Amino acid sequence: MTSTTRAWIHGRLFGACVSESAGDRPFDVVPLGQGRFQLIDGGRRRTAFAVVAGDAWVFLDGRVFVVPTSGQTTRRVSADDATALMAPMPATVVSIHVAPGQRVDRDALLITLEAMKMELPIKAPRAGRVTSLACHAGELVQPGVRLLEIDYGT
Amino acid sequence: MTSTTRAWIHGRLFGACVSESAGDRPFDVVPLGQGRFQLIDGGRRRTAFAVVAGDAWVFLDGRVFVVPTSGQTTRRVSADDATALMAPMPATVVSIHVAPGQRVDRDALLITLEAMKMELPIKAPRAGRVTSLACHAGELVQPGVRLLEIDYGT
Amino acid sequence: MFKRLLIANRGEIAVRVIRACREMGIESVAVYSDADRMSLHTTLADRAVRIGPSSAAESYLSISAIIDAARSSGAQAVHPGYGFLSENQDLASACVDAGLAFIGPPADVISTMGSKIVARRIAREAGAPVVPGETPVDQSDQAIAAAATAIGFPVLIKPSEGGGGIGMKEGHAAATLSAAIAQARREAIAAFGDGTLYVERLIAAPRHVEFQVLADHHGQVLHVFERECSIQRRHQKVIEETPSTVMTPQLRARMGAAAVAVARAAGYRNAGTVEFLLEGTGDSARYYFLEMNTRLQVEHPVTEQVAGLDLVRAQIRIASGEPLPWTQDALTQRGHAIEARVYAEDPISHLPQAGPLLLYREPSMPGVRIDSGVAEGSKITVHYDPLLAKLVAWGETREIARRRALAALRAFPILGIKTNIPMLVELLQHPRFVDGALDTRFLDVEGASLAARLSTGPTPDVLAVAAAARATTATPAAGGASRDIDHSSLDPWTSLRGVRV
Amino acid sequence: MFKRLLIANRGEIAVRVIRACREMGIESVAVYSDADRMSLHTTLADRAVRIGPSSAAESYLSISAIIDAARSSGAQAVHPGYGFLSENQDLASACVDAGLAFIGPPADVISTMGSKIVARRIAREAGAPVVPGETPVDQSDQAIAAAATAIGFPVLIKPSEGGGGIGMKEGHAAATLSAAIAQARREAIAAFGDGTLYVERLIAAPRHVEFQVLADHHGQVLHVFERECSIQRRHQKVIEETPSTVMTPQLRARMGAAAVAVARAAGYRNAGTVEFLLEGTGDSARYYFLEMNTRLQVEHPVTEQVAGLDLVRAQIRIASGEPLPWTQDALTQRGHAIEARVYAEDPISHLPQAGPLLLYREPSMPGVRIDSGVAEGSKITVHYDPLLAKLVAWGETREIARRRALAALRAFPILGIKTNIPMLVELLQHPRFVDGALDTRFLDVEGASLAARLSTGPTPDVLAVAAAARATTATPAAGGASRDIDHSSLDPWTSLRGVRV
């Protein structure tokens with residue numbers, strides 16, 4: 001169900017659509033400077049921290065959330081098909097375990113990366129067929145760039 | 001003796017006239033963000049903090065300096081004739097001990113202010129004659145505003 | 001245990017109590033004046049109630065506003081902190097009348113120990129020495145001189161109803177006493193409308209040594225050792241430490257027992273402090289009961305660091321009816337702790353300062369604790385006392401604690417208003433402080449030489465940093481990130497590009 | 001004492017050693033790779049020397065670069081920290097050859113205790129129990145099965161030359177052992193080129209309990225009690241504490257004596273740690289020597305907080321030839337300390353994270369110590385391990401320390417990269433952690449349920465804060481001050497001005 005979250009900010013009331021039920025009283029959010037915010041919910045006060053760097057990063061009660069600019073959906077924590085085939089961070093390609101044309105099962109190990117002294121396995125999010133490779137062993141790869149292509153339809 | 005203090009800042013060399021002898025090697029000042037600066041003097045490294053709010057405030061080794069925008073002289077800590085007759089901070093006038101026309105000696109108590117639970121005496125910086133009063137008992141006075149005028153020439 | 005607790009205070013002590021509540025699972029309720037609408041203590045509490053305009057008289061000193069706030073917020077207990085209403089028996093009574101637990105002693109004990117004369121009598125009867133003195137019934141000059149001679153010179157002559165040092169005159173011999181008596185009487189009448197004089201022995205260069213006591217509602221009273229607070233300016237403490245450098249185990253046992261005896265005799269409950277003047281050194285040093293503070297002290301953290309316990313938690317537990325979890329023998333001292341009070345004041349003139357904390361970064365290092373009521377961006381106003389933070393350094397030895405405090409103060413940048421940190425840095429390096437050769441006149445005697453060390457202007461290295469700040473920072477006032485150089489704002493520095501030197 | 005000391009490390013441990021030097025009046029020399037040109041440890045030291053490019057192999061792991069830096073900077077001693085070259089006997093030798101004091105044990109002791117087989121033999125000879133096990137001379141399936149039967153099931157079969165958990169197989173009965181043997185042998189050959197197998201008793205759910213030892217150059221060896229480090233993921237510790245919840249005075253005395261005996265037998269000097277596996281509870285619990293770490297541990301602060309001493313200072317004093325200032329009997333434990341390691345890693349997937357610390361604010365509250373190697377604005381790179389900071393909470397009891405750690409983690413905002421703080425917050429509230437019912441498989445068993453609690457999306461309160469951040473802050477990424485609303489940037493929030501709700 002889509003409903004509206006509302007908040008007083010600097011004496012003005014704002015609303016945003018969120019995909020879960022919100023309370024029927026608006027929050028009061030007071031910027032305190034230096035990324036600190038006072039969040040008042042009924043009588044209860046909490047201190048939150050937030051910065052905007054494209055997405056908004058929010059710290060509240062020991063949890064951290066990355067709220068994307070679109071604001072209406074939240075970034076999924078579990079990787080989707082596209083990001084699953086990218087390096088999560090700058091990393092070195094240690095080894096490539098598949099070749100173009102090869103069929104792979106779900107969770108098959110495709111590529112092994114290394115970053116910060118740790119091995120990072122890149123696995124197939126679903127069964128499919130490798131159509132092309134976009135990296136080679138020893139290469140330093142950046143996040144957000146697809147390492148290989150899989151056709152899930154065949 | 002006037003000499004030049006020099007510093008590397010962001011790879012460019014700057015100089016300023018200062019009224020004391022400076023070393024013959026320029027400082028290297030590297031901004032670290034958030035008001036932090038690395039000060040390198042020969043091989044020695046120190047961390048300084050600074051903000052600019054009109055004047056530049058600098059913290060180094062536990063000392064704080066307010067460097068005025070003119071840069072070439074430093075703000076005097078001891079009050080001069082003019083600022084001596086001003087409230088140092090927002091304060092309430094408790095009592096006025098002199099009247100216009102009255103002659104006063106050096107260090108004579110002129111006005112008693114109160115701020116932050118403390119009494120602040122305003123004393124005559126030099127001998128002179130009170131020419132006018134610009135405040136009254138009970139008034140909340142602001143810093144930078146003269147509380148009374150003294151003619152030191154008579 | 002209480003579910004919800006209201007803190008009738010502001011600043012660092014309100015923050016301290018809020019933190020204790022959070023750890024104990026108690027909901028905290030702050031109160032705030034208009035000036036403190038978004039102050040640190042207001043924003044950190046679970047709830048907050050406005051109690052009036054900025055003036056303390058109409059907010060933090062208003063008993064009715066505090067009681068109303070406690071009632072409306074559903075609090076079960078009130079912690080008064082220190083200062084404000086903390087030693088006001090009417091607040092304690094009003095709490096009881098409203099069915100609220102007051103976290104402190106009963107109202108009648110506050111009243112009893114608030115009277116210096118009654119407190120002195122209780123102390124003397126409990127076996128704690130007091131400074132010899134009396135208010136002669138016959139107030140003639142001759143009778144006062146006779147009393148002085150009986151007490152023994154040097155003496156202090158002061159208004160019987162007085163306080164705050166007003167009208168206090170020293171007398172060093174019977175022959176020269178009449179001028180001092182006349183002057184004291186004149187000032188007593190002017191200030192208090194009563195010329196009655198009190199004569200007591202003058203303790204020439206005493207130390208201020210106080211004992212922390214804790215008393216529960218089950219008959220247990222114990223002390224948590226001493227604090228030395230000799231570094232003070234006009235009765236405002238600046239540096240406190242524990243142990244005292246002159247304390248011996250034997251003297252500590254005697255003074256601690258005296259403090260406990262006074263608390264017992266007064267029917268004391270909760271945390272309190274028995275203050276003494278200490279004269280001399282070693283087992284034979286003489287101590288004199290001065291007064292009892294019926295509240296938590298500003299300097300309580302040094303005791304916490306060395307005794308390894310939490311006095312605010314203990315206060316709350318005592319008030320909720322729990323017995324003290326320690327016996328006297330179970331308490332031990334470990335290492336040394338020094339507290340330096342960071343005030344918003346000019347380090348030379350000592351004038352309090354108001355303004356914004358453009359940059360405020362607390363040092364974070366092993367053995368250093370900061371109790372603070374402000375954050376970067378806070379505005380310091382003229383309405384309340386200028387204490388910003390307390391820096392407490394613990395070390396295995398006094399010398400380690402001292403060096404640690406020094407290192408921490410040198411890494412505690414506060415910009416936008418002046419603070420006493422530069423003075424504290426000099427003070428901690430003063431040879432007499434290093435040696436622990438302290439007395440309550442330390443700052444009177446050494447203050448000028450300390451100030452002199454601070455009167456030098458900025459050195460070239462400071463000017464270089466100032467220039468860099470001007471050259472690189474677009475909004476440094478807010479502690480923002482550095483930006484590319486704005487080449488239009490480089491004045492007064494001249495670009496020397498291309499000039500190798 | 002040394003005049004100048006070089007720290008052959010980076011990050012929080014380099015900062016820790018720099019601070020100790022500053023308090024001791026020793027000049028500190030940092031070393032830095034290109035990635036660390038303006039990192040916190042580089043900027044805090046009195047001097048700093050570049051030792052190579054960002055790759056650790058060419059900088060922090062280069063013995064020649066470290067020795068050159070020490071020589072060129074005029075340092076008299078080298079502190080290796082932990083990790084990197086701290087357990088490399090060649091660095092220790094090279095220091096001695098260059099006339100530098102190495103702050104750690106002699107090179108031959110590093111070498112001796114670095115060999116698990118030799119260390120095990122020394123421990124056994126010193127009377128410290130080891131996990132029963134052997135490398136059968138006859139490596140046939142039958143002989144290995146016979147060895148397993150002699151040791152007693154369950155057993156662990158693992159490559160004799162192995163490490164890191166590779167090729168380790170459990171065996172629960174002689175009848176089903178041959179498959180495990182075959183598989184372990186196959187993996188051993190694949191991974192190490194040698195199929196020789198080692199059989200030892202499987203300790204099913206042990207605790208990791210280690211003892212801190214200190215040994216000076218005057219024959220004194222003592223222990224500074226235990227640390228429990230059972231909360232680990234793939235041998236990376238996450239939470240450490242002292243005392244251990246299962247320790248009894250009698251067991252502590254036995255294990256401590258065993259740790260001291262091992263250190264003595266090894267000819268140990270300086271600070272080291274003897275690790276044990278602990279099985280069972282109470283006085284009758286069984287402990288087995290695991291290995292000795294010949295360096296300072298990451299988790300040394302919990303010992304410092306509870307024992308009330310400074311291990312880094314002790315290391316430096318020992319290396320300079322001073323005798324230990326304590327005897328075993330003079331050391332005491334007070335209260336409880338818990339360390340939570342804050343890693344730059346995704347709290348669910350545990351993948352290390354790189355990026356800028358857009359906002360980084362350390363909590364400051366009584367009883368909480370933060371040892372950190374970063375500051376707001378620091379950039380976390382892929383080159384080194386992802387430890388950002390260690391949060392150490394001390395309390396009179398374990399429960400107070402736990403609540404304090406929890407309160408501090410909830411007030412430790414780090415934005416810009418993901419950290420494990422959300423996971424630590426859940427972990428500290430897990431019923432088994434609250435009860436102290438720990439073993440080294442804790443995270444294997446409970447990790448999934450902890451992660452599940454973190455997989456929920458942002459709640460409306462979080463979205464409200466996100467909207468406020470977008471609406472109010474011009475340069476919030478740098479933690480700048482709030483500004484007036486930029487009304488053009490309010491999307492996706494819709495102004496509801498005039499709509500009262």
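What you see below is based on every heavy atom in this structure, not just the backbone, and it leaves out hydrogens, waters and symmetry mates. In the text below, chain A, chain B and the rest are named by the order of the sequence lines, each starting its count at 1. Note that this is a predicted model, so its numbers are computed, not measured.
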Please give me the minimum heavy-atom distance between [X] and [Y], naming the atom from each residue.
{"X": "Val465(C)", "Y": "Ala50(B)", "value": "CG1-CB, 3.8 Å"}
{"X": "Ala53(B)", "Y": "Leu358(C)", "value": "CB-CD1, 3.5 Å"}
{"X": "Asp55(B)", "Y": "Arg470(C)", "value": "C-NH1, 4.2 Å"}
{"X": "Phe27(B)", "Y": "Ala464(C)", "value": "CD1-CB, 3.8 Å"}
{"X": "Val64(B)", "Y": "Leu415(C)", "value": "CG1-CD2, 3.9 Å"}

Can you tell which part of [X] gets under 4.5 Å to a heavy atom of chain B, answering side chain, backbone, both or neither?
{"X": "Ile380(C)", "value": "side chain"}
{"X": "Ile414(C)", "value": "backbone"}
{"X": "Thr419(C)", "value": "neither"}
{"X": "Gln353(C)", "value": "backbone"}
{"X": "Leu409(C)", "value": "backbone"}

_Using side-chain contact (heavy atoms from CB on, under 4.5 Å), reason through Asp41(B) and Asp461(C) one step at a time and then give a plain yes or no._
CA-CA 8 Å; Asp41(B) 177 8; Asp461(C) 47 8; 5.6 Å; no
_Only pairs of heavy atoms separated by less than 4.5 Å count here; which of Ala411(C), Ala344(C), Pro422(C), Ala354(C) has the most with chain B?_
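Maximum pair count with chain B is reached by Pro422(C).
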*If you measure from CG on Leu359(C) to CZ on Phe59(B), what distance do you get to the nearest 0.5 Å?*
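Here the interatomic distance stands at 9.5 Å.
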_Rounded at 0.5 Å granularity, tell me how far CZ in Arg361(C) sits from CZ in Arg36(B)._
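So the gap between those two atoms works out to 8.5 Å.
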*Region of Phe65(B) that comes under 4.5 Å of a non-hydrogen atom in chain C*: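 Contact with chain C involves the side chain of Phe65(B) alone.
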_For the CZ atom on Arg46(B), are there more than 12 heavy atoms of other groups (residues, nucleotides or ligands in this structure) within a distance under 6.0 Å?_
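Correct, the count exceeds 12.
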_Verdict with reasoning, Val462(C) to Arg63(B), per side-chain contact (heavy atoms from CB on, under 4.5 Å)_ = CA-CA 10 Å; Val462(C) 170; Arg63(B) 294 280 305 270; over 6 Å; no
